[in-house]
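Below you'll find the structure, written out as structure tokens, and then a few comments.
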Amino acid sequence: MKHLIDPMDFSIEELEDLFQLAEEIVDREDDFRQVCANKILGTLFYEPSTRTRLSFEAAMIRLGGQVIGFSSSTSSSVMKGESIPDTVRTVGSYVDIIAMRHPKEGAPRYASKYSPVPLINAGDGGHQHPTQTLTDLFTIRKLKGKFSNLTIGLCGDLKFGRTVHSLIKAISRYENIKFILISPKELQIPQYIKIEILKQNNIPFMEVEKLEDVIHKLDILYMTRVQKERFFNEEDYIRLKDSYILNKEKLKLAKDDLSVLHPLPRVNEISYEVDEDPRACYFNQVKYGMYVRMALIIKLLGVM
Ligand code: NCD
């Protein structure tokens, strides 16, 4: 039985297979309407979510399956003190596949050891978010037609932003990827990503503080939200929250074929005026997230 806990759980070949299936679903969605008939997805969300949970639910429903679950730990027996293993064993006896989001790093991996059905990490604290990475990769594949020879700027909260950690891990496996890491000093990428992924694999990267200084070099600009919920004190959050605001002025400095991505939700880091720019791709990215989750459910359930 296969789980998806870490972005490296899928090899490059498995990813290619998954993306081809997602492409087929985009092109011929009608052919997939009954693929998961009689299957149930369980969504265990111990932390807020809009896109991840609803795109998983929409994905299962569009495949003919059904969904049960909770969207906040306050409405489950977690409030009575139930442990993760007991919750997962219980829900796993009702459903065929589980998507789980939890504020504690490592909780989905721990849960997967007890789960009788495939379990998907839908975000664990400030650690990893592998299905957002599938979404990001599928979007890049759609926009650029490749994963190699790209200069990728990651901008904002690189310390707590789990989507950034997962994307760096997964895309570092392709040829000639360069990263420009744009953040305030306090929100730089964690050491373990720098050492275990970037340095160990000789992947070129630079760390800068100003977006304007580097935007002209980028093929992809991945903006992120400052992760308010992971700060220890509010003063620091208020000081750092508007470190970057992408607007029309700054975009004038960028290449014509830049793609601006964002996992969303956005707060202030992309002005609404940018939405009209053809380089703004984040709402396509949202939609691709649903298709890639349809493909993921099919693969993990082994129904095709
Ligand atoms: C991200 C997350 O939850 O990590 N959102 C998402 O799943 N699309 C990014 C964020 O919350 O900033």
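Just so it is clear, the structure is predicted and the values come from calculations on it, not from any experiment. Note that ligands are numbered from 1 as they come in the structure, with each ligand's atoms numbered from 1 the same way. Just the heavy atoms: all of them, side chains too, but no hydrogens, waters or symmetry mates, feed the values below. All residue numbers refer to positions in the sequence shown, counting from 1.
- Gln20 and Glu16 form a side-chain donor-acceptor contact under 3.5 Å, judged by distance and modelled atom types alone.
- Taking any N or O of Pro263, backbone or side chain, at least one lies under 3.5 Å from an N or O belonging to ligand 1.
- A cation-pi arrangement is present between Arg266 and Tyr272 under the rule of less than 6.0 angstrom and at most 45 degrees off the ring axis.
- Using a 30° and 60° split on the angle between ring planes, Tyr46 and Phe70 fall in the perpendicular class, above 60°.
- At a heavy-atom distance under 4.0 Å, no atom of Gln285 approaches ligand 1.
- Under the 6.0 Å distance and 45° angle rule, Lys104 does not count as a cation-pi partner of Tyr110.
- The protein heavy-atom contact nearest to atom 4 (O) of ligand 1 is Arg162 NE, 2.7 Å.
- Under a 4.0 Å heavy-atom criterion, Gln227 is in contact with ligand 1.
- The shortest contact between atom 11 (O) of ligand 1 and any protein heavy atom is with Arg225 NH2, 2.8 Å.
- The shortest heavy-atom distance from Gly123 to ligand 1 is not under 4.0 Å.
- Using a 30° and 60° split on the angle between ring planes, Tyr237 and Phe231 fall in the perpendicular class, above 60°.
- In this structure, the protein non-hydrogen atom closest to atom 5 (N) of ligand 1 is Leu264 O, 3.0 Å.
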Acceptor/donor pairs from residues 252-259 side chains to any protein atom, 3.5 angstrom cut, sequence neighbours excluded:
| from | atom 1 | to | atom 2 | distance (Å) |
| --- | --- | --- | --- | --- |
| Lys252 | NZ | Glu249 | OE2 | 3.0 |
| Lys255 | NZ | Asp219 | OD1 | 2.9 |
| Ser259 | OG | Lys144 | NZ | 3.3 |

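- Between His262 and Tyr282, the ring-plane angle classifies as perpendicular under the 30° and 60° cut-offs.
- Any N or O atom pair closer than 3.5 Å counts here, and Gln132 shares at least one such pair with ligand 1.
- Residue Arg101 approaches ligand 1 through these ligand atoms, each under 4.0 Å from one of its heavy atoms: 3 (O), 7 (O).
- For ligand 1, the atoms lying closer than 4.0 Å to a non-hydrogen atom of Thr52 are 6 (C), 7 (O).
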